[in-house]
Amino acid sequence: MVDDSSVCPRCGVGCRLAPAAASRARGVVGPANPEGRLCSSGIAAYDTDRERLTKPIVRHGGDQRTVSWETAYDHAVDRLLAVRDDHGSDALAFLGAPHCTNEENYLLQKLARLLGTNNVDNRARACHASMTRALADRVGWAATTNPLSDLLDSDVILVAGANPAERQPVAFNSFVRPAVNAGATLVHIDPVGNRTTRLASHHLAPRPGTDALVFALLSATILDKPNSVDTAFVAERTRGYEAFADSIGALDRREAATTTGIDTATIETVAERIAEADRVAALVGTGIEHNDGDAANALLNLLLATGNLGRPGTGVYVLRGLVNEQGATDAGCVPDWLPGQQPVTDHAARARVADEWGVEPPRTPGKTAGELLESFGREVHGAVVVGENPAVSKRDADWLDARLASLETLIVCDLVASRTTRHADVVFPVAAGTEKTGTITNLDRHVQHSELTAEPPSGTRSDRRVLCELGARCFPDETHFRYDDTSEIFDELTRVAPTHTGITVDELGVAGRQWPFGEARLYETAFATSDGRAVFTTPTAQGDRNTDSVDDDDGLSLVVGGRASEIESDPSGSDARLRIHPDDAAAYGVVDAETVRVSNRAADRETRIEITERIRPGTVYLPASVADVFLRGEESTVRVAPVSTASDRSG
Ligand SMILES: Nc1nc2c(c(=O)[nH]1)N[C@H]1C(S)=C(S)[C@@H](COP(=O)(O)OP(=O)(O)OC[C@H]3O[C@@H](n4cnc5c(=O)[nH]c(N)nc54)[C@H](O)[C@@H]3O)O[C@H]1N2
Ligand SMILES: Nc1nc2c(c(=O)[nH]1)N[C@H]1C(S)=C(S)[C@@H](COP(=O)(O)OP(=O)(O)OC[C@H]3O[C@@H](n4cnc5c(=O)[nH]c(N)nc54)[C@H](O)[C@@H]3O)O[C@H]1N2
Ligand code: SF4
Ligand SMILES: [Mo]
């Protein structure tokens with residue numbers, strides 16, 4: 001036992017907490033909450049407002065019935081092996097587990113790969129895929145580069161496509177706010193102003209989807225200025241600068257500025273501030289995850305040109321959402337990566353795993369979560385889902401129900417009944433984050449030990465135990481899933497994953513430790529690429545989502561934010577309002593309207609509006625829970641109209 005606190009299960013910041021009176025939590029000092037703070041969500045971490053599952057469930061015909069654990073295990077294993085025997089290993093899919101520990105994620109991908117498939121993925125892909133892939137490809141690891149505490153040394157902090165003041169509040173208040181109070185410049189890049197904007201000295205409100213051009217314009221301005229490019233850093237630590245500089249030289253700046261909708265003077269001011277600053281850091285969220293990573297790549301180019309990686313106060317922070325998204329990725333719940341972010345196609349990486357398992361993992365990359373859902377009922381016939389709710393996602397809910405229903409076998413581990421468990425053939429009722437021990441990796445790569453601080457409801461078991469029981473039954477003659485202790489699983493992870501080499505659970509201590517262990521600061525002397533250099537990219541096109549529609553009157557660009565999990569999203573809540581600029585409201589004749597009709601080719605809905613100057617003209621904002629239906633087609637614009645009296649509903 002390390003201490004008597006858990007890692008907060010509510011978000012990827014990874015604050016430490018312990019139970020206090022009246023089923024509330026109190027903060028315990030940790031690497032992400034050094035003053036022991038918690039946000040309101042963390043304080044409620046022990047609240048169990050939804051009814052917990054306490055008995056395993058098996059489907060017989062159309063009915064789901066409670067059964068004994070033994071029956072549920074046997075049934076699940078029979079069904080999984082039947083799918084594999086009938087259709088082959090790649091007819092199985094494994095989804096999870098960003099709500100679970102590193103050990104549990106390790107077990108899940110081990111089960112998948114020993115059963116012969118790389119079809120294992122986690123939900124993190126939906127939220128931060130392009131930024132993390134850009135980092136992996138160009139500097140080395142799919143992860144935040146620096147510790148959160150480094151932000152205290154930043155001179156400029158760029159926040160793009162994120163609202164950390166509300167989404168990662170303790171990280172924001174512990175590290176960003178003090179830096180700004182001490183004089184750092186906060187630049188918020190978001191088409192809509194939000195609570196984060198309030199602390200910013202500059203708000204760049206680009207047309208949605210045009211962030212790559214914003215970063216290119218900032219780079220262009222900096223490349224023009226004498227002594228603004230960090231030529232020593234570029235020469236010694238990077239490659240590909242010339243081609244990048246050429247592409248920036250060829251940028252049609254006037255057109256780019258028009259496309260982004262940001263005035264040149266503002267770009268100049270911010271570029272100047274970045275150029276003169278010694279240390280610039282960037283925090284990125286879900287709002288720049290568009291256009292196949294153009295924005296992520298353009299941002300990295302800007303930071304590389306100005307030498308803002310590998311030192312305190314610099315770098316990229318991926319504002320990960322779910323508690324162990326980072327750990328799910330690191331532990332290998334990724335279709336083309338083994339544990340430690342090692343490519344499945346790499347012979348040496350497979351050999352390292354084979355040394356440990358006695359079996360080589362399959363060499364062909366598996367399908368991503370999205371591809372797997374597409375394949376349900378076609379090439380994929382059985383799925384194991386651990387702590388995810390794929391029925392709730394950005395996709396059409398009816399389509400997802402049909403996909404889940406088309407499976408021969410669906411096995412789910414969850415705390416509560418959900419839209420996904422409804423389709424399950426076997427449901428295992430499991431313990432929640434604070435009800436089990438294990439390690440969790442937060443959004444700045446701190447691996448922390450999380451202690452059991454709440455009694456699991458009687459009848460539940462941990463995901464770890466369920467996965468070990470399933471594994472032991474799938475491989476009755478092997479020792480693959482026989483562990484005496486959770487720390488043995490962590491030890492195995494440290495032997496297989498180069499990111500985790502050289503650490504034991506005990507050494508994590510109360511403060512946690514950042515992987516890779518033993519390195520003072522990531523990328524301080526070399527990048528984790530083949531030649532140790534960071535790589536510039538050349539933008540392929542100026543193509544941004546909205547470039548085509550700048551001049552036509554196709555409607556208003558839809559900006560989406562407020563991504564929340566099923567538990568918290570409340571489409572009827574006050575946050576569900578459509579935000580619109582006064583000029584647009586006037587143009588569309590909805591000035592005084594309480595409720596308006598929002599439509600495009602994909603959907604037609606009524607919603608209340610909020611007229612606000614904090615949104616850029618030409619765009620409207622909706623939270624994801626409401627916006628999803630409008631984004632199912634190819635369009636990213638909507639039209640707004642007054643609700644006609646005929647269709648008007650009261651309330
Ligand atoms: N409509 C719409 N929905 C969205 C979004 C959106 O844009 N639009 N955004 C989304 C975003 S950003 C994300 S990350 C996803 C998250 O979506 P999901 O990954 O599906 O995450 P949650 O809904 O938070 O939780 C999934 C399930 O995990 C269970 N769970 C919690 N802890 C544990 C545990 O320790 N073990 C097990 N086995 N289960 C556990 C919960 O009870 C829940 O049923 O939601 C998305 N939801
Ligand atoms: N309280 C609470 N906190 C949470 C969660 C929760 O459910 N509740 N969920 C967690 C999860 S899973 C996640 S993924 C994170 C999400 O954390 P964030 O990514 O910070 O989530 P959002 O609030 O959706 O912020 C996205 C921002 O992107 C902006 N945006 C939209 N389009 C564009 C664009 O084209 N360019 C730019 N520059 N910006 C754009 C939106 O206006 C919005 O302000 O939050 C985590 N934190
Ligand atoms: S910021 Fe995240 S980890 Fe910290 S208390 Fe709030 S919800 Fe929990
Ligand atoms: Mo997320």
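Whatever order the structure lists ligands and atoms in, that order sets their numbers, starting from 1. Scope of the values below: all heavy atoms of this structure, side chains included, with no hydrogens, waters or symmetry mates.
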Q: Only heavy atoms count here, so choose which of Asn122, Leu415, Val466 is nearest to atom 40 (C) of ligand 1.
A: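 It is Leu415 that holds the nearest heavy atom.
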Q: Using heavy-atom distances, let me know which of Asp414, Val386, Val560, Thr460 sits nearest atom 42 (O) of ligand 1.
A: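 Ranked by closest heavy atom to atom 42 (O) of ligand 1, first place is Asp414.
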Q: Is it the case that atom CZ in Arg24 sees more than 12 heavy atoms from other parts of the structure closer than 6.0 Å?
A: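 12 or below, so no.
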Q: As a test of understanding, state which of Thr101, Asp463, Thr486 forms a side chain to side chain donor-acceptor pair (under 3.5 Å) with Lys436.
A: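 Per the side chain to side chain donor-acceptor pair (under 3.5 Å) rule, the option paired with Lys436 is Asp463, out of Thr101, Asp463, Thr486.
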Q: Which ligand 1 atoms are under 4.0 Å away from a heavy-atom of Val416?
A: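 So the answer, numbered in order with elements, is 42 (O).
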Q: Check ligand 2 against Gly321 and write out every atom of the ligand that is under 4.0 Å from a heavy-atom position of the residue.
A: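 Close to Gly321: 10 (C), 11 (C), 12 (S), 13 (C), 14 (S), 15 (C), 46 (C).
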Q: Can you confirm, on distance only, whether ligand 2 has an N/O atom lying under 3.5 Å from any N/O atom belonging to Asp211?
A: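 The answer is yes, given that Asp211 and ligand 2 share an N or O pair closer than 3.5 Å.
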Q: Keeping the roles fixed (side chain from Arg403, backbone from Phe376), state whether a donor-acceptor pair exists under 3.5 Å.
A: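 Looks like yes, one N/O pair under 3.5 Å.
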Q: Provide the number and element of each atom of ligand 1 under 4.0 Å from a heavy atom of Cys127.
A: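 What qualifies from ligand 1 is 12 (S), 14 (S).
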Q: Short list, please: which atoms of ligand 1 are under 4.0 Å from a heavy atom of Cys413?
A: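 Selected atoms, number and element: 37 (C), 38 (N), 39 (N).
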Q: Please find the pair of heavy atoms, one from Ser174 and one from Ala32, that lie closest to each other, and give the distance.
A: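 In terms of heavy atoms, the two residues are closest at OG-O, 4.3 Å.
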Q: Would you mind running through ligand 1 and noting each atom that sits below 4.0 Å from a heavy atom of Asp463?
A: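 This gives 34 (C), 35 (O), 36 (N), 37 (C), 38 (N) as the contact atoms.
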Q: Please check: side-chain N/O of Asp121 versus main-chain N/O of Ala369, any donor-acceptor pairing under 3.5 Å?
A: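 Present.
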Q: Is there a donor-acceptor pair closer than 3.5 Å between any side-chain N or O of Ser6 and the backbone N or O of Glu451?
A: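 A pair under 3.5 Å: yes.
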Q: Only heavy atoms of Pro208, strictly under 4.0 Å: list the atoms of ligand 2 that pass.
A: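 In order of number, 35 (O).
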Q: What do you reckon, does Asn163 have a nitrogen or oxygen under 3.5 Å from a nitrogen or oxygen of ligand 2?
A: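 Yes, Asn163 has an N/O under 3.5 Å of an N/O on ligand 2.
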Q: Work out whether the distance between some heavy atom of Glu104 and some atom of ligand 1 is less than 4.0 Å.
A: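 The answer is no: ligand 1 sits nowhere under 4.0 Å from a heavy atom of Glu104.
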Q: What atoms of ligand 2 come closer than 4.0 angstrom to any heavy atom of Gly209?
A: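 Answer, ordered by atom number: 34 (C), 35 (O).
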Q: Please report whether ligand 2 has a polar contact with Gly287, defined as an N or O pair separated by less than 3.5 Å (distance criterion only).
A: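 Looking only at distances, the answer is yes, because the N/O contact criterion of under 3.5 Å is met.
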Q: Does the side chain of Thr439 pick up a donor-acceptor pair with the side chain of Glu103 at under 3.5 Å?
A: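 Checked: Thr439/Glu103 side chains pair up, N/O donor to acceptor below 3.5 Å.
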Q: Where does His99 meet ligand 1, judged by heavy-atom distances below 4.0 Å: at the side chain, the backbone, both, or neither?
A: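 Both parts.
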Q: Would Asp190 count as being in polar contact with ligand 2, using the rule that some N or O on each side must be under 3.5 angstrom apart?
A: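 Yes, since at least one N or O of Asp190 sits under 3.5 Å from an N or O of ligand 2.
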Q: Quick one: are the ring centres of Phe490 and Tyr106 less than 6.0 Å apart?
A: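 Between Tyr106 and Phe490, which both carry aromatic rings, the centre distance is not below 6.0 Å.
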Q: Should Ala431 be listed as contacting ligand 1, given a heavy-atom distance under 4.0 Å as the test?
A: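 Ala431 counts as a contact of ligand 1 under the 4.0 Å cut-off.
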Q: Whether the side chain of Ser462 engages the backbone of Arg465 through a donor-acceptor N/O pair (distance < 3.5 Å, no angle test) should be reported.
A: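 At least one qualifying donor-acceptor pair exists.
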Q: Heavy-atom contacts with Gly285 under 4.0 Å: which atoms of ligand 2 show up? List them by number with element.
A: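 Listed by number with element: 19 (O).
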Q: Could you walk me through whether Glu289 and Met131 pass the side chain to side chain contact (heavy atoms under 4.5 Å, CB included) check?
A: CA-CA 7 Å; Glu289 286 291 321; Met131 190 70 236; 3.6 Å; yes
Q: Looking at ligand 2, would Asn194 count as a contact under a 4.0 Å heavy-atom criterion?
A: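 In this structure, Asn194 qualifies as a contact of ligand 2 - some heavy atom is under 4.0 Å.
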Q: Can any side-chain N or O of Glu435 pair as donor or acceptor with the backbone N or O of Thr460 at less than 3.5 Å?
A: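 No; zero donor-acceptor contacts below 3.5 Å.
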Q: Donor-acceptor pair, Asp294 side chain versus Asn297 backbone, under 3.5 Å?
A: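 Such a contact is absent between Asp294 side chain and Asn297 backbone.
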Q: Would you mind running through ligand 1 and noting each atom that sits below 4.0 Å from a heavy atom of Leu322?
A: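 Contacts of ligand 1 toward Leu322, numbered from 1: 14 (S), 19 (O).
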Q: Do ligand 1 and Ser418 have nitrogen or oxygen atoms that lie under 3.5 Å from each other?
A: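 For ligand 1, there is no N or O atom that lies under 3.5 Å from one belonging to Ser418.
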Q: Which ligand 2 atoms does Gly161 reach within 4.0 Å, using its non-hydrogen atoms?
A: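 Near Gly161, meaning under 4.0 Å from one of its heavy atoms, ligand 2 has 19 (O), 26 (C), 27 (C), 28 (O), 37 (C), 38 (N), 39 (N).
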Q: N/O to N/O below 3.5 Å, does that happen between Glu325 and ligand 1?
A: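 So ligand 1 has no N or O lying under 3.5 Å from an N or O of Glu325.
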Q: For ligand 2, is there an N or O atom under 3.5 Å from any N or O atom of Thr286?
A: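 N/O-N/O distance below 3.5 Å exists for this pair.
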Q: Within the distance-only criterion (no hydrogens, no angle test), does the side chain of Glu388 pair as donor or acceptor with the backbone N or O of Arg123 below 3.5 angstrom?
A: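 Here the side-chain-to-backbone pair exists.
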Q: Before signing off on this row, confirm whether His290 and ligand 2 have an N or O atom pair separated by under 3.5 Å.
A: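 Between His290 and ligand 2, an N or O pair is found under 3.5 Å apart.
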Q: Does any non-hydrogen side-chain atom of Phe481 lie less than 4.5 Å from one of Leu470?
A: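 The answer is no; the side chains never approach within 4.5 Å.
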Q: Are any side-chain N or O atoms of Thr145 and backbone N or O atoms of Val316, one a donor and one an acceptor, separated by less than 3.5 Å?
A: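 Yes; judged by distance alone, with no hydrogens or angles, the pair exists.
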Q: Considering the heavy atoms of Val430, write down every atom of ligand 1 situated less than 4.0 Å from one of them.
A: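 The list of qualifying atoms is 36 (N), 37 (C), 38 (N).
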Q: Counting only heavy atoms, tell me which of His128, Arg123, Arg167 gets closest to atom 8 (N) of ligand 2.
A: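 Looking at heavy atoms only, the winner is Arg167.
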Q: Check side chain to side chain contact (heavy atoms under 4.5 Å, CB included) between Asp444 and all other residues, then give those that pass, not counting sequence neighbours.
A: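 Asp444 satisfies side chain to side chain contact (heavy atoms under 4.5 Å, CB included) with Thr144, Pro147, Leu148, Asn442, His446, Gln514 once adjacent residues are dropped.
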Q: Which of the numbered atoms in ligand 2 are under 4.0 angstrom from any heavy atom belonging to Val559?
A: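 Reading through ligand 2 atom by atom, the close ones are 30 (N), 31 (C), 32 (N), 42 (O).
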